[in-house]
Amino acid sequence: HGASSAQTPQAPGVADASLLIRLLFAVSAGYWKDPYIQYFVRQAKERKAPEINRGYYARVQGVHQLLRAFLRTTECNCQVINLGAGLDTTFWKLKDENLLPTKFFEVDFPAIVSRKLYHIKSKPPLSKPIMESHSGESLLIAVTRGLFSTLRFRYRTAVEVSIFFLPRPDAHSLDSSRYSIIGADLRNLKDLEERLKRFSLDTQLPTVLMAECVLVYMSPEQSSGLLKWVADTFPTAMFINYEQVNMGDRFGQIMIENLQRRQCHLSGVDACQSLESQMQRMLSSGWEAADAWNMVTVYGHLPQEDIQRIEKLEFLDEKELLDQLLLHYCISWATKDALHLGLARITF
Ligand code: SAM
């Protein structure tokens, strides 16, 4: 699966930091609860337009709703793989909701993983949940760069847990029984599979893969290759993808220009032309069922009580601005269901 360049593009990492600042702003304005995001980014002072905050709300709630549906359908006897996870906090939120899967994997470029590991090891509210979820007597966890250095978690008392890291500031991955983070390039599927398997990936277990604003950074061949690899590798799986759509109109063109300014690999936008092309990409990559909704539709299907609550948080002058924004993002999802769990029925 032709993945080549090991080079880390600047843009995604940079985009990720500004994304987090915006998410943090929406969280501090009360759109949704995320007690963990503050540990990855400093407090955002900059005020964002209400439609932006509502857009992030729809994205976070929409993706989470499908993820939760998968976890409930499989009774958490499953794996989650967050592709291009950046500094995402889903693992910690699921733990609070008592919805941890058998194993939660995150993958991103090694440089982003190092940054995330730095935050995890220096902030107990992030490291403690990993240790609490870690089963077994031995709390020796391998942190590999190559395969060498180790990270030692040690209990002081049953309750108070302290964490000792051997000095390895450049660690590129961490493995524990419930949470793993792996530095890898999603365009190099052979290497990706090897690394996941080294960290106990079980391809026979129902697995949900998430990609939020990630596929757009790849070429059409690379993103289809990734989707195909997942469909070929996991007999029972779901793929949840959030990204741009309707890029053909004027607003879409402006979005493309903005992405180009961040030096994204924009060939991924081929699949972002329409909901139909989003679905087609999945179906032609070997998935059994696929669907794609734009975020206007998703927004309309989120729990309306909560929508009423968030719509009171900030006054929105022009509803059209929100609709225009929501119309240009979508959630597409696909399933394969060898175990006949009813995955194709998952929807909003
Ligand atoms: N999914 C996260 C979220 O929604 O908060 C982060 C989104 S950020 C816009 C895109 C992420 O994808 C970045 O963290 C970037 O490093 C990662 N990414 C892009 N291309 C990648 C690749 N080829 N391999 C690994 N990670 C990649």
Side-chain angles (χ1 to χ4, degrees), residues 1-27 32 34 36-37 39-41 44 52 55-64 66-67 80-93 104-117 119 172-173 181-193 195-196 208-227 229-230 239-244 255 258-269 272 295 329-331:
H1 295 291
S4 48
S5 146
Q7 141 215 23
T8 305
Q10 274 288 55
V14 174
D16 191 47
S18 63
L19 166 77
L20 223 69
I21 290 170
R22 291 193 218 119
L23 293 180
L24 179 61
F25 182 84
V27 166
W32 69 93
D34 185 338
Y36 301 103
I37 200 164
Y39 300 115
F40 288 112
V41 70
I52 306 274
Y56 282 126
Y57 168 84
R59 164 183 175 173
V60 170
Q61 303 295 78
V63 170
H64 205 66
L66 289 185
L67 175 63
V80 176
I81 308 180
N82 192 346
L83 302 167
L87 303 175
D88 182 81
T89 56
T90 302
F91 168 81
W92 290 269
K93 288 194 288 182
F104 192 104
F105 295 89
E106 295 187 334
V107 181
D108 209 301
F109 285 122
I112 306 285
V113 167
S114 287
R115 214 167 100 202
K116 192 160 191 172
L117 280 174
H119 288 295
H172 287 166
S173 53
I181 178 166
I182 296 172
D185 188 331
L186 299 171
R187 297 166 296 183
N188 188 342
L189 298 169
K190 197 167 169 287
D191 178 65
L192 176 66
E193 182 167 341
R195 285 174 193 273
L196 284 164
V208 55
L209 295 102
M210 310 157 58
E212 272 186 73
C213 289
V214 174
L215 299 187
V216 75
Y217 292 101
M218 298 178 202
S219 72
E221 296 75 32
Q222 287 162 345
S223 56
S224 298
L226 179 63
L227 285 164
W229 169 75
V230 180
F239 200 102
I240 306 174
N241 177 44
Y242 173 91
E243 70 181 340
Q244 292 83 348
M255 288 167 73
N258 280 336
L259 286 165
Q260 272 166 343
R261 234 172 281 136
R262 286 194 254 137
Q263 294 165 349
C264 296
H265 293 251
L266 265 179
S267 26
V269 298
C272 303
M295 296 308 288
Y329 286 92
C330 72
I331 297 181

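Whatever order the structure lists them in is the order used to number ligands and atoms, beginning at 1. No hydrogens, no waters, no symmetry mates; every other heavy atom, side chains included, goes into these values. Positions are given from 1 along the sequence.
Not one N or O on the side chain of E106 forms a donor-acceptor pair closer than 3.5 Å with the backbone of A85.
With a 4.5 Å cut-off on side-chain heavy atoms, Y56 and R59 count as touching. The shortest side-chain heavy-atom distance between L186 and Y217 does not fall under the 4.5 Å cut-off. Side-chain contact between F40 and L23 is absent, with no heavy atoms from C-beta onward closer than 4.5 Å.
Here F109 has heavy atoms under 4.0 Å from ligand 1 in both its backbone and its side chain. In V107, neither the side chain nor the backbone holds a heavy atom less than 4.0 Å from any atom of ligand 1. At a heavy-atom cutoff of 4.0 Å, ligand 1 is contacted by no atom of A211, backbone or side chain. Residue contacts with ligand 1, taken as heavy atom pairs separated by less than 4.0 Å, involve R59 solely via side-chain atoms from C-beta onward.
Listed by number with element, the atoms of ligand 1 under 4.0 angstrom from any heavy atom of I112 are 16 (O). Near A184, with a cut-off below 4.0 Å to any heavy atom, the atoms of ligand 1 are 24 (N), 25 (C). Taking every heavy atom of G86 and a limit of under 4.0 angstrom, the matching atoms of ligand 1 come to 14 (O).
Residue G84 has at least one N or O atom closer than 3.5 Å to an N or O atom of ligand 1. Annotation: L186 places an N or O atom under 3.5 Å from an N or O atom of ligand 1; distance criterion only. Here's the thing with D185: one of its N/O atoms is less than 3.5 angstrom from an N/O atom of ligand 1. Considering both main-chain and side-chain atoms, E212 comes within under 3.5 Å of ligand 1 through a nitrogen or oxygen pair.
None of V107, I181, I182 except one satisfies the side-chain contact (heavy atoms from CB on, under 4.5 Å) rule with V113; the exception is I181.
Ring pair Y57/W32 is tilted by interplanar angle, where 30° to 60° counts as tilted.
Here D185 contributes atom CG and R195 contributes atom CZ; the two are 10.0 Å apart, rounded to the nearest 0.5 Å. Atom-to-atom distance recorded for L87:CG and I37:CD1 is 9.0 Å, nearest 0.5 angstrom.
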